[in-house]
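The shown structure was predicted, so the numbers you read here are calculated from the model rather than taken from an experiment. Letters go in sequence order (proteins before strands), and every chain restarts at 1.
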Amino acid sequence: MEPTRLYLSMIPEALVASMLPPEAFGRYLAVGSHKRSSSPAIYFELDPGFASDFFKMDIVRERCVPHADGSPKHTLYLGIYRVLEHVPLEALGTLYLTTRDGQVLALGQKPRPGTFEAGYHLYDEICPVHPLIASKLDPAAFAEFVTNPASPLCVPKIVFAELDPAKLIGTDLTAEALPALHNLPQRIKECFRELDAAGKPTKTVDRIRSLTCRWNHIRNGYFVGAGKTLLYYPFPDEATLDRHHHKWWRSASL
Amino acid sequence: MNTAVTATWWIAPIASIFALIFAIHFYRKMMTANEGNATMVEIAGYVKEGAMAYLFRQYKVVIVVFVVLLAILQLLALFDIQNPFVPIAFLTGGFFSGLCGFIGMKTATAASSRTAQGCSESLNRGLQVAFRSGAVMGLVVVGFGLLDICLWYLILDKLVYTPAHMAEGLHLFGMVLVPEGCTVVEKLVAMTTTMITFGMGASTQALFARVGGGIYTKAADVGADLVGKVEAGIPEDDPRNPATIADNVGDNVGDVAGMGADLYESYCGSILATCALGAAVGAHHALAAVKAGGFENTTEALAAGSAEVEAAVQQAVGLVTAPMIVAGIGTLLSIIGMFMVKCREGASQKNLLKALLTGTLGSSVLIVLALVGLWLAKIVPGGIVLSVISGLLAGVLIGQGTEYYTSDEYNPTQGIAGQAVMGPATTIIDGLATGMYSAGIPVITIVVGIVCAYGFAGGFSDMAMGLYGIGFAAVGMLATLGITLATDAYGPIADNAGGNAEMSGLPPEVRERTDALDSLGNTTAATGKGFAIGSAALTAMALLAAYLEEVKIWIGKLAGDGRFMGFSAKEAKWADLMQFVDRFELHIMNPLLLCGLFIGGMMAFVFCAMTMKAVGRAAGAMVEEVRRQFREIPGIMEGTGKPDYASCVAISTKGAQREMLVPSLLAIVVPVATGLVLGVPGVMGLLAGGLVCGFVLATMLNNAGGAWDNAKKHIERGAHGGKGSAAHKAAVVGDTVGDPCKDTSGPSLNILIKLMTMVSVVFTPVVVKFSPIIQELLHITTK
């Protein structure tokens with residue numbers, strides 16, 4: 001019998017106990033077994049020894065048990081509100097990205113690089129809030145800025161991905177895109193110009209963005225930040241994805 | 001001089017047998033190749049099973065149509081208003097065309113897993129398996145096509161038009177097979193106009209293959225994409241998609257069987273029409289020599305030892321046999337070219353492209369040299385060499401024009417991608433405009449090509465010779481069809497190999513190699529397409545002239561001992577084309593011809609509309625089925641439940657069979673109905689209108705569809721926000737609109753044009769005999 005595992009889901013933010021191994025869990029979240037759902041999933045596998053007073057962990061042993069027919073319990077939701085805040089960073093294990101048709105990619109935690117690219121950055125905030133942010137801060141500084149309790153606009157912890165601006169707007173920031181009411185590339189350029197003009201550290205490009213999971217635009221990878229602590233989950237380059245994770249990459253690029 | 005078979009003519013039948021021998025050789029070699037692991041074999045098996053199921057169902061429908069047409073033709077022959085050889089000639093054309101489709105499909109479906117396995121060893125190995133498999137299709141098409149023509153020629157010459165039969169006549173069940181006192185030139189004209197009718201069998205089979213295949217492939221494609229990709233979010237060639245096997249089957253039925261039947265028909269049509277025109281030119285020159293010598297006919301002149309008439313008859317035989325000889329030489333050169341397509345292990349994609357181009361373009365250069373040889377041997381006039389060069393250059397230019405308007409390396413397609421930023425509507429508008437613009441280069445090229453081919457052959461002083469030059473330009477373009485079709489047919493094989501590698505989960509380098517082969521195929525196919533389009537237009541033009549020759553013959557026959565339509569039998573025989581143009585008022589001011597023009601133009605559009613709507617209906621049924629399976633088969637998305645591939649294959653097959661019947665029959669019924677009411681001018685108008693509108697519309701639809709497809713790929717490569725962007729969504733809409741344009745309606749139009757001409761040629765006696773009666777009743781006679 002599979003052991004009970006704990007997962008921290010980002011879409012939606014939830015702590016879930018399950019008897020499914022990580023890949024099967026992701027597939028279940030994405031395509032379901034009877035519901036015929038079709039939605040991407042991002043989740044961390046948690047340290048099996050994770051304990052918390054905030055969540056009712058005692059129900060896991062009682063309710064996360066096989067069904068009458070012997071099939072494993074797929075999900076037991078333990079919490080859906082302020083979950084990330086109550087999970088210590090040390091408990092976070094492998095990060096899994098699941099496409100809407102159920103292909104799963106595992107990203108391991110690696111030490112963060114000493115320096116990141118200078119210049120403009122684009123951050124796709126995933127949890128607990130979901131805006132798309134333009135910034136001149138590097139990922140470490142950005143995480144520290146967003147989780148700074150001195151700021152009125154802060155969160156205790158933040159999960160975000162860095163996007164590659166060049167893949168969205170090209171390299172020429174001065175070139176004007178075709179006018180449109182909702183033109184993301186043009187909006188990103190305006191935000192970058194405003195960062196320079198107003199000397200702001202960040203500028204909101206879009207209030208809700210992360211749920212679209214634009215995996216083909218990712219640069220560097222995923223980050224989990226809380227103050228000065230920054231966990232780093234590097235995202236493989238396209239060639240590696242195509243060679244070693246072909247099925248996932250084809251599905252993610254759809 | 002009693003035989004029409006010369007020593008050099010034997011090149012043609014020998015070459016056709018060589019082609020078939022090498023086809024068997026390549027097939028056996030392909031079959032001995034490793035077909036890969038169990039999964040690869042299983043997937044290839046599904047595709048093969050589906051493709052064969054489709055083909056047999058298509059043949060069932062086609063057989064019914066053929067039986068009905070055969071009965072009609074036989075009945076007409078019994079009433080002496082049809083050439084008695086037509087029913088059987090019609091059958092052989094259809095049979096060999098169907099056989100080519102069957103062999104091509106069998107080879108292609110067996111080659112996919114073997115190509116994928118070959119690619120796991122090296123790029124060159126994959127190329128060898130895929131190209132040699134494509135070569136099987138190329139060689140069976142030219143082999144059976146040329147063999148059928150040569151067999152007919154030999155049978156008619158050696159068994160039917162023997163000196164004894166020509167002197168005394170030959171009758172069978174009351175039907176006149178050979179008239180008493182038939183001269184050598186009359187024999188040549190009768191033989192070639194009989195042979196041309198087997199083109200109707202090939203055209204009918206080709207139209208069913210193209211329309212049915214086109215509907216099948218798009219129904220499967222749309223079903224797989226709309227539900228699998230868009231609704232379920234799973235990528236192409238994913239084994240969880242119930243329509244993925246049908247989609248792979250569609251590539252075979254559309255791009256292999258459909259294209260093979262299409263080019264078989266073009267190949268035979270160009271040779272047969274040119275032979276018929278050669279006979280007409282030869283007859284005209286021989287009769288002029290007879291007249292100048294003061295003889296009654298060629299038999300009398302030859303008996304009297306007239307050197308001029310003897311030379312004219314020999315020239316006539318040369319003009320008739322030359323297209324067959326050139327096709328034979330082209331076939332041999334194609335085989336040589338096929339062996340030139342190889343390179344060392346570890347070759348780069350650039351090396352492979354060079355090898356393919358060496359094979360295809362090298363063969364075309366050699367065919368020009370061979371023609372020079374025939375000119376020096378006094379088998380063809382010198383001008384014909386230049387006519388063929390005009391045709392070949394036109395083919396290359398049309399191919400390059402197509403490449404310019406459809407490749408994302410150039411402005412037109414990049415422009416569509418740019419418009420996609422605005423939304424789907426502007427994408428459609430720009431794609432339509434690009435398609436329309438793209439008609440410019442092919443039309444101008446064909447105009448220049450026709451004028452040059454006509455002029456070089458001496459058309460401005462001898463109209464019939466000019467028309468012969470136009471026909472010969474098409475023959476020259478298609479002479480090396482063996483190798484150009486091999487490069488065309490190998491594309492879908494490489495594509496299927498990619499699908500097989502994807503579904504079997506082969507390592508990434510294998511997929512990279514199959515992608516490289518597929519991409520190579522697209523590059524070389526551009527020239528092949530140019531030749532196919534250009535030759536279709538030239539062949540249709542030559543067939544128009546051949547139709548008038550057929551009218552001339554039947555007026556002579558129907559005149560008997562009296563007069564018919566103002567001609568006695570002798571006058572009809574001695575008349576030139578211009579006299580018939582005058583008699584039937586074949587000019588734009590004749591309202592009957594003008595009405596025919598309008599109907600011909602309309603036919604192109606109505607036919608396209610019917611095939612497009614058919615795709616919509618067939619795709620709708622497929623979408624419902626794929627949705628049902630996702631809904632009802634447990635575990636299909638998790639990969640634990642197995643989709644029912646066969647039911648999707650069956651739905652696409654059934655849809656294609658049901659939908660192809662009406663548009664195909666329309667192409668057969670309209671020319672006859674138009675002829676009966678509007679007479680010969682109406683038919684000429686119909687064919688001219690169909691040719692002009694059909695050619696331009698086909699170019700527009702093919703290129704617009706190709707440009708939309710590549711604009712989407714351009715965005716997917718990262719332009720304008722890449723995949724998932726609003727521009728990409730708009731480009732996907734454009735690509736979906738373009739799919740039936742480039743894969744169903746556009747390719748079918750070429751055959752529609754030629755089938756209407758072939759039907760007109762075959763039903764000439766019916767039209768010539770009954771249209772005056774009907775027109776009299778309707779009071780619409782112009783003279």
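In this structure, the portion of B:E231 lying under 4.5 Å from any heavy atom of chain A is its backbone and not its side chain. If you measure heavy-atom distances from A:R250 to chain B, the contacts under 4.5 Å come from both the backbone and the side chain.
Taking a 6.0 Å sphere around OH of B:Y437, one finds it holds 12 or fewer heavy atoms contributed by other residues, nucleotides or ligands. Heavy atoms of other residues, nucleotides or ligands lying less than 6.0 angstrom from CZ of B:R628 number more than 12.
Side chains of B:I234 and A:R100 form no contact here, defined as non-hydrogen atoms less than 4.5 Å apart. Looking at A:S251 and B:D238, their side chains never come closer than 4.5 Å, going by heavy atoms from C-beta outward.
The shortest non-hydrogen separation linking A:D101 to B:P235 is OD2-CD, 3.6 Å.
Among the candidates B:E512, B:E716, B:E502, the residue making the largest number of heavy-atom pairs closer than 4.5 Å to chain A is B:E502.
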